[in-house]
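Just below is one structure, and these are the notes that go with it.
In what follows, every chain begins at residue 1, and chains take the letters A, B, ... in the order their sequences are listed. This structure is a prediction, so every number in the text was calculated from the model and none was measured.
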Amino acid sequence: MRAFCLCYRGITISSQSCSLEEAQGVFNALLARSMVAAKAMVAAYIHYGCLSDALQLLIRMQNEGRSIESTNFIQLLDMCRSQGASALPEARKVHSLIKSSGLTRNTVVGNSLISTYGKCQSLADAQQVFDEILDKDVVTWNAMIAVYIENDYWNEGVKTFYQMQQVAIFPNEVTFICLLDLNSNRTELLYTPWFQIVLWHSGFCSETALATALVNAYSKGGSLASACNIFDIMQDPNVISWTTMISSYSSFSQDIEALQIFKQMLQQGGLPDTVTFMTILNVGASLGSILEGKILHVYVKLCHVEVECSIANGLINMYGKCGFVDVALDIFNRVSSCSLETWNIMIGIHAQHGGAAEAHYLLWCLRQAGLVPDKITLVNYLSACSHAGYVEAALDYVLSSCTDTCDIHQGAMPTLQHYDCIVDVLGRAGQLDRIQCVISTLPFQLSGLSWMTVLSVCRDLLTEGQAEFIAKHVLELDPLLLGFS
DNA sequence: TTAGGGTTAG
């Protein structure tokens, strides 16, 4: 990330030595804000990820008749891209600024815009920018192919691939990587003879990035053997290739093999990064073996990887799954900045080990920390209640989620899955009447699975008529659950 | 300065 630097009365403030507030203070104190100061302030906003502030300042600069460099636009588009679909309004504002600056037909800026609109899931906007670029290069075409493939418009992606060749733009390694970003159900391309021939004869397959993308595509497409074949002939696997292979084995539930690949990577001098550790810690959690778990923890320490939130989450989850709740809690308590994910993992661990009181306390702490529970918090908490028979607590929580207007539950309105938990809680407590009451007030139709839950948890309490009534519902909604097809 | 390969709770 580019550093920023503001100079005021001989004092130099840079991103390494001051906070955003200090930089803002200096900037606001300047009587005549030079172009250099304004650019430094924009850089500061970008450095701290303040997209809307950076955008506002650029709009002001443009209104004052100052020219804005294309690099500023590209930096802002980068930020929009990383925020995904929620940043579409900001992306459009940046686009509007680009138009006012007369850079609409600039190939480099346009390429970045296409990609940004793709990440924001607005294909129409991406297509419009693509159409307006007069001098389309291979990056322009690759960006458009990626937009289609990422958004699951597979046919349009392949059609664009053909069109680029018709206008004599030749595909490069990135073109094939974009095409390989397949949905796991869309493996036709992988096994199409022409695609295989083009790949192997283009010479691109010797490129590590493309070979890695192939390993991933084969694995996601269901062929671990093909993924292994490609990996085995790779000349120079890098950290991403190793991690892809570990993840491939893990996705086929071959955790021992995944662990062996990790060891092989270390033996060959490969240096794991944060993503590798996140992947291998999940493998450790699946294995549920504390011995392997502790060894992995030692590797984390030996590799001096900063125990940031994502690694801590992996460690907490792994120790929890291995049954070492105290160790998980100890790591949880030492994480300096917990994300909601961290809280959810810890609440989930308590739920798995019958710690309903602990889950209840953590939920309280989570709110005290100013966080808003989401649907996963809700499921984990209800699961904890279910295991411990906390009927009233579970019902209170779900009912208050429905009626609460003070935003504390914002974003976590109960879904069918949560009602499944409630049915489970009441069923385990033998409270059939209350199940019927909950079902009658549901804002949506109960799924076959939910009815099946009722049937299984209340098996001993149901009259013959009630059981028949429920079975009829299951048969209508999901006959497979009853073994019919 | 632009496109692109690996991870993410239940």
Mind checking if [X] touches a base, just sugar-phosphate, or nothing, with heavy atoms under 4.0 Å?
X: V239(A); answer: base
X: N344(A); answer: base
X: K136(A); answer: nothing
X: N313(A); answer: nothing

Rounding to an integer number of Å, can you tell me how far [X] [atom1] sits from [N] [atom2]?
X: K321(A); N: dA9(B); atom1: NZ; atom2: P; value: 9 Å
X: Y381(A); N: dG10(B); atom1: OH; atom2: C1'; value: 17 Å
X: M234(A); N: dG6(B); atom1: CE; atom2: C1'; value: 11 Å
X: I280(A); N: dT8(B); atom1: CD1; atom2: P; value: 13 Å
X: R81(A); N: dA3(B); atom1: CZ; atom2: C1'; value: 8 Å
X: L214(A); N: dG4(B); atom1: CG; atom2: C1'; value: 13 Å
X: L103(A); N: dT1(B); atom1: CG; atom2: P; value: 16 Å
X: L340(A); N: dT8(B); atom1: CG; atom2: C1'; value: 13 Å

For the side chain of [X], starting at C-beta, report the closest nucleotide among [options].
X: S70(A); options: dG4(B), dT1(B), dT7(B); result: dT1(B)
X: Q352(A); options: dG10(B), dT7(B), dT2(B); result: dG10(B)
X: V379(A); options: dG10(B), dG5(B), dG6(B); result: dG10(B)
X: A143(A); options: dT1(B), dA9(B), dA3(B); result: dA3(B)
X: E341(A); options: dA9(B), dG4(B), dG6(B); result: dA9(B)
X: C178(A); options: dG5(B), dA9(B), dG4(B); result: dG4(B)
X: K220(A); options: dT7(B), dT2(B), dG5(B); result: dT7(B)
X: V139(A); options: dG6(B), dA9(B), dA3(B); result: dA3(B)
X: A209(A); options: dG4(B), dA3(B), dT8(B); result: dG4(B)
X: S112(A); options: dG10(B), dT8(B), dT2(B); result: dT2(B)

**Request:** Decide yes or no on side chain to side chain donor-acceptor pair (under 3.5 Å) for T276(A) and D273(A), but give the supporting numbers first.
**Result:** CA-CA 5 Å; T276(A) 319; D273(A) 65 8; 2.8 Å; yes
At less than 3.5 Å, do the side-chain atoms of [X] and the base atoms of [N] form a donor-acceptor pair?
X: T276(A); N: dG6(B); answer: yes
X: D273(A); N: dG6(B); answer: yes
X: T244(A); N: dG6(B); answer: no
X: N172(A); N: dA3(B); answer: yes

When rounded to the nearest 0.5 angstrom, what distance separates [atom1] in [X] from [atom2] in [Y]?
X: E257(A); Y: M245(A); atom1: CD; atom2: CE; result: 10.0 Å
X: L210(A); Y: T175(A); atom1: CG; atom2: OG1; result: 10.0 Å
X: L77(A); Y: C120(A); atom1: CG; atom2: SG; result: 9.0 Å

**Request:** Taking only the side-chain nitrogens and oxygens of S310(A), find out if one of them lies under 4.0 Å from OP1 or OP2 of dT8(B).
**Result:** no
**Asked** Does N216(A) have a side-chain nitrogen or oxygen under 4.0 Å from the phosphate oxygens OP1 or OP2 of dG6(B)?
**Response**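 For dG6(B), OP1/OP2 do have a side-chain N/O of N216(A) under 4.0 Å.
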**Request:** Mind telling me whether W343(A) and F332(A) have parallel, tilted or perpendicular rings, with 30° and 60° as the class edges?
**Result:**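 F332(A) vs W343(A) ring planes: perpendicular.
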**Request:** Evaluate the side chain to side chain donor-acceptor pair (under 3.5 Å) criterion for residues E132(A) and Q128(A): first the C-alpha distance (whole Å), next the side-chain angles of each, then the deciding distance (0.1 Å), finally the verdict.
**Result:** CA-CA 6 Å; E132(A) 285 174 3; Q128(A) 193 199 339; 3.2 Å; yes
**Proximity of H95(A) and F73(A) rings by center, below 6.0 Å** = no
